[in-house]
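Beneath this line is the structure, given in structure tokens, with notes to follow.
Letters go in sequence order (proteins before strands), and every chain restarts at 1.
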Amino acid sequence: MKNEFAEVWFYNQGWQAHEFQQKCWEALANGESGILNAPTGYGKTFAIWFGVLAQYYAKEAMQEKKNKKKTLHTLWITPLRALSKEIHKATSQVSQDLDLDYEIELRTGDTTVANRQRQRKNPPQALITTPESVHLILATKEGQDYFKHLEFIIIDEWHELLGSKRGVLIELALSRLKAINPNLKIWGISATIGNLEEAKDILLGPGTKGSLIKADIHKKIDIQTVFPDNLEKFPWAGYLGIRLLDKVVDIVNQYKTTLIFTNTRSQAEIWYQQIITYYPEFAGLLAIHHGSLSDEVRTWVEEALHEGRLKAVVCTSSLDLGVDFRPVDCVLQVGSPKGIARFLQRAGRSGHRPDATSIIYYVPTNSLEIIEGDSLKFAVKEKIVESRIPYVRSFDVLIQYLMTLAVGDGFYADDILQEVAQTHCFESITQEEFDQCMALLIHGGSTLQAYDDFHRLVLVDGKYKVTSRKLAMRHRLSIGAIVSDLMMRVKFRSGKYLGSIEESFISKLNIGDVFWFSGRQLELVQIMANDAIVKPSEKKKGVVPSWMGGRFAISPDLGIAIRHSFKSIHKTQGISPEIKFLKPLFKEQESLSALPKEDELLVEYIQTKYGYHLFLYPFEGKLVHEGMAQVLAYRLSLIKPTTFSIATNEYGIELLSETEYPIDEKLLKQLFSPQQLHQDINSGINVQEMARRRFRDIAGIAGLIFQGFPGKQMKSKHLQANAGLFFSVFSEYDPGNLLLREAYDEVFDFQLEEGRMQIAFERISKHKIIFSKPNKLTPFAFPIFADSFRERYSNEDWQSRLEKLKMQLLDG
DNA sequence: GACCTGCTGCGGTTTG
């Protein structure tokens, strides 16, 4: 397949078109839809763009120019504003270079009102935008006309959207756009994930044919584990990795430009501060980048990086995606990357060019974590990658979408139900469920009828519309599926904006307290509304901001790779450097207790001055362990009423009790029975409280609670209280409420990961249990014990807690 | 005797 445009452009870049690109052009010429998958740096984006251009050209679309008629042909959706700007810049350049005179518009939130109106009147051939902006267009009068002439829709980074409610926004928008123009060609661009076929089905709609074009290219990745000088001095617990500071700086010095990825924002701040303190020569050459910093700082860093002015940047996932950092030739990952796909994504940021090798160093933060170096190499070799699990039956998003349509041109309920039922997310929707969503919008459903604000839709000539300007405006203000905590702006007294921190952190500080932020030492001077006013500080002691943010546990697939690594801890030959290095640690574990084999579960029962510890090592990741621990504690307390403090980490569980209780292999076997798991989760875990928390986001997306005007957000406490009210009302008077059920479903699916827990119980029930009673904490046990000092929660009820307090008082 | 965890992403400014 020849593609003149591509040939010219690729030739200028000194590149050659790959086979997958040819295939893509062929598919486009055949009028197909599909998914394009290739490693980063191989020009997926341009492949599609050139293919689309070729189609216009073939149809002599250029002729239209003579008639001065311009219509929107291509809609390009990316999840990132920064990315859309990048694509816009590059494609404008290409069309200019090739003298094609195609018009390309960029529409994201920061376009002005006048700009938007101009775009509406005169749709360009191509529009580059975000999922939220598409819904905003649908929420304007005659917004749908805008898409009438659409021929191609391209969803960039589809794998990123797929696993979130933003993916549902895309599914719903596509269902509408396909109805407006049945000939619409849909293309997704995706990185490698475990379920590409499914990703294709979801994008195109279940049962729709389309091609899946995979690049047959093997990107070379060089993974190096950074070892400490000696194992004895390396901590058994902890997650900072600062102990390897000197080694990291040595590596940074070997390359021109390095990205240092950390797992959390506070960790990034600490690393930045430590490097600058111990290696002052890095001043001006080292930068920091994470999601809480101001746009200004971030853009500066990105540009400086692009121009090769920086030696290194300490960052979080904020640099995972997007912007093309050609000059980066080395990547460091501090701490467990938690997932294989994330690790690959980050590795790919170095050597971002066809045929270049990606170099990534893995920097473990504690002894046991060293083994993940081995696991990651194994996963990459075996091409194990995570799947993205799509959301299903997200009625909050559906309700928002229906409102969007009503605010726009209005809709016919039956037509929309049919369209919606053809998406993957709502494949199983029933008429009754749809009616419930409608009822909530029309009169607030069975519980909220008395409130005017919930009479949102009006039937006009068979079409549902929103007639209240106030409600329409409020809705446009709250389109989207990203819910975040209230952030406070951190500012100098001069007004200079530094970035933002969660309200919950600032509220814990007193005036005069010192903390590190944006790589500076700051003192809190004053709090004004949503602003925290600060001044530079010289005080020695500093607190590092801690942000809320999602807990992220090790992915199931990385878990599999880690369990694979643990298979060879017994071997003495043919083992990786990581396992060889850890041998002394495993020897100690073995002599104190035991080393579990692949089909064995190690359980340790240890007595210390803190009480009786039961340690179990299922290696299932923290999230699953948390749920599992509570189920085990519940089951144990059924046998003998006991209260436990629970602690977990990525590898294992600790159940700590003040009193001794009888335990043996047989009892342990019973504990791991997969029978009745669902019931025991319900009885042993406060699922209701978890659902109540989840419900806040759901209520926000569904538009039950208004999050406030821009710049005047409601306090998170207030929002939580409002959402809590709805939760209680629904629980009591409308237990079948769809949004309420959704909250519970999300708790079971995403928080407790019931599916994974079930599999883990089934797996472990077949394992042989190695029960040991060491006389002190083992290398496996210590990290969990250390964690429990920081965060300790308990399944004990109020009564026994009081009792315990009393005992302590009496003892004292 | 080992311990400073908690990501990312977007959008919108008016009425009583």
side-chain N/O Arg265(A) vs dT8(B) OP1/OP2, d < 4.0 Å: yes

To the nearest Å, give me how far apart CD (Glu269(A)) and P (dT5(B)) are. 16 Å

Counting any heavy atom closer than 4.0 Å, what does Arg243(A) reach on the DNA or RNA strands: base, sugar-phosphate only, or nothing? sugar-phosphate

Are Asp229(A) and Lys247(A) close enough that some pair of their side-chain heavy atoms sits under 4.5 Å apart? yes

Residue met sooner reading DNA chain B from 5', once Glu650(A) and Glu588(A) are mapped to nucleotides: Glu588(A)

Selection from dC7(B), dT14(B), dA2(B) that lies nearest to any side-chain heavy atom of Ser317(A): dC7(B)

When all nucleic acid strands are considered with a 4.0 Å heavy-atom cut-off, which category describes Thr262(A): base, sugar-phosphate, or nothing? nothing

Is any side-chain N or O of Arg469(A) closer than 4.0 Å to OP1 or OP2 of dT15(B)? yes

Once you apply a heavy-atom cut-off of 4.0 Å, does Thr365(A) come out as touching a base, just sugar-phosphate, or nothing? nothing

To the side chain of Met473(A), which of dA2(B), dT14(B), dG9(B) is closest? dT14(B)

Distance, rounded to the nearest Å, where Leu368(A) contributes CG and dA2(B) contributes C1': 13 Å

Minimum-distance nucleotide (side-chain atoms of Leu477(A) versus dT13(B), dC3(B), dC10(B)): dT13(B)

Separation of dT5(B) atom P from Glu369(A) atom CD, nearest Å, is 12 Å

Describe the nucleic acid contact of Ile482(A) in one word from base, sugar-phosphate, nothing, applying a heavy-atom distance below 4.0 Å. base

Less than 4.0 angstrom between a side-chain N/O of Ser133(A) and OP1 or OP2 of dC10(B), yes or no? no

Among the nucleotides dC10(B), dG6(B), dA2(B), whichever has the atom closest to the side chain of Leu80(A) is dC10(B)

Side-chain N or O of Arg298(A) less than 4.0 angstrom from OP1 or OP2 on dG9(B)? yes

Checking all strands, does Gly480(A) fall into the base, sugar-phosphate, or nothing category for heavy-atom contacts under 4.0 angstrom? nothing

Thr264(A) side chain N/O closer than 4.0 Å to the phosphate oxygens (OP1, OP2) of dT5(B)? no

Measure the distance from NZ on Lys165(A) to C1' on dT8(B) and round it to the nearest whole Å. 17 Å

Quick one: is dG12(B) close enough that its OP1 or OP2 comes under 4.0 Å of any side-chain N or O from Arg476(A)? no

Round to a whole Å and report the spacing from CZ of Phe782(A) to C1' of dG1(B). 7 Å

With a cut-off of less than 4.0 Å, is there a side-chain N or O of Thr130(A) near OP1 or OP2 of dG11(B)? yes

Is the closest basic N to carboxylate O distance between Glu650(A) and Lys338(A) below 4.0 Å? yes

Between dG11(B) (C1') and Tyr401(A) (OH): distance, integer Å: 19 Å

Closest to the Ser266(A) side chain, choosing from dG11(B), dG6(B), dT8(B): dG6(B)

OP1 or OP2 of dG11(B) versus the side-chain N and O atoms of Arg81(A): is any pair under 4.0 Å? yes

For dC7(B), does the base pair up with any side-chain atom of Thr316(A) as donor and acceptor (N or O, under 3.5 Å, distance only)? no

Across the strands shown, which category fits Glu232(A) at heavy-atom distances under 4.0 angstrom: base, sugar-phosphate, nothing? base

State, without any angle test, whether Arg346(A) and Ser317(A) hold a side-chain donor-acceptor pair at a distance under 3.5 Å. yes

Chi-based syn or anti call at dT13(B), which uses purine or pyrimidine torsion atoms and a 90° bound: syn

Let me know the distance between CG of Leu777(A) and C1' of dC3(B), rounded to the nearest Å. 13 Å

Salt bridge check: are Glu269(A) and Arg265(A) linked by an N-O gap of less than 4.0 Å? no

Interatomic distance, Asp697(A) CG vs dC10(B) P [rounded to whole Å]: 17 Å

Mapping Pro79(A) and Lys233(A) onto DNA chain B by nearest heavy atom, which one lands closer to the 5' end? Lys233(A)

Among dT8(B), dA2(B), dC3(B), the nucleotide that comes nearest once only the side chain of Ala786(A) is considered: dC3(B)

Considering only side-chain heavy atoms of Glu132(A), which listed nucleotide, dG9(B), dG6(B), dC10(B), is closest? dC10(B)

Would you tabulate the side-chain donor-acceptor contacts of residues 165-172 of chain A under 3.5 Å, counting partners in other chains and residues two or more places apart, or write 'none'?
from      : atom 1 : to        : atom 2 : distance (Å)
Lys165(A) : NZ     : Asp396(A) : OD2    : 2.6
Lys165(A) : NZ     : Glu742(A) : OE2    : 3.4
Lys165(A) : NZ     : Glu746(A) : OE2    : 2.8
Arg166(A) : NE     : Glu132(A) : OE2    : 2.9
Arg166(A) : NH1    : Pro79(A)  : O      : 3.3
Arg166(A) : NH2    : Pro79(A)  : O      : 3.1
Arg166(A) : NH2    : Glu132(A) : OE1    : 3.0
Arg166(A) : NH2    : Glu132(A) : OE2    : 3.3
Glu171(A) : OE1    : His424(A) : N      : 3.2
Glu171(A) : OE1    : Cys425(A) : N      : 2.9

Side-chain contact, heavy-atom cut-off 4.5 Å: Pro337(A) with Leu344(A)? no

Do we see a donor-acceptor contact under 3.5 Å between the side chains of Glu604(A) and Thr778(A)? yes

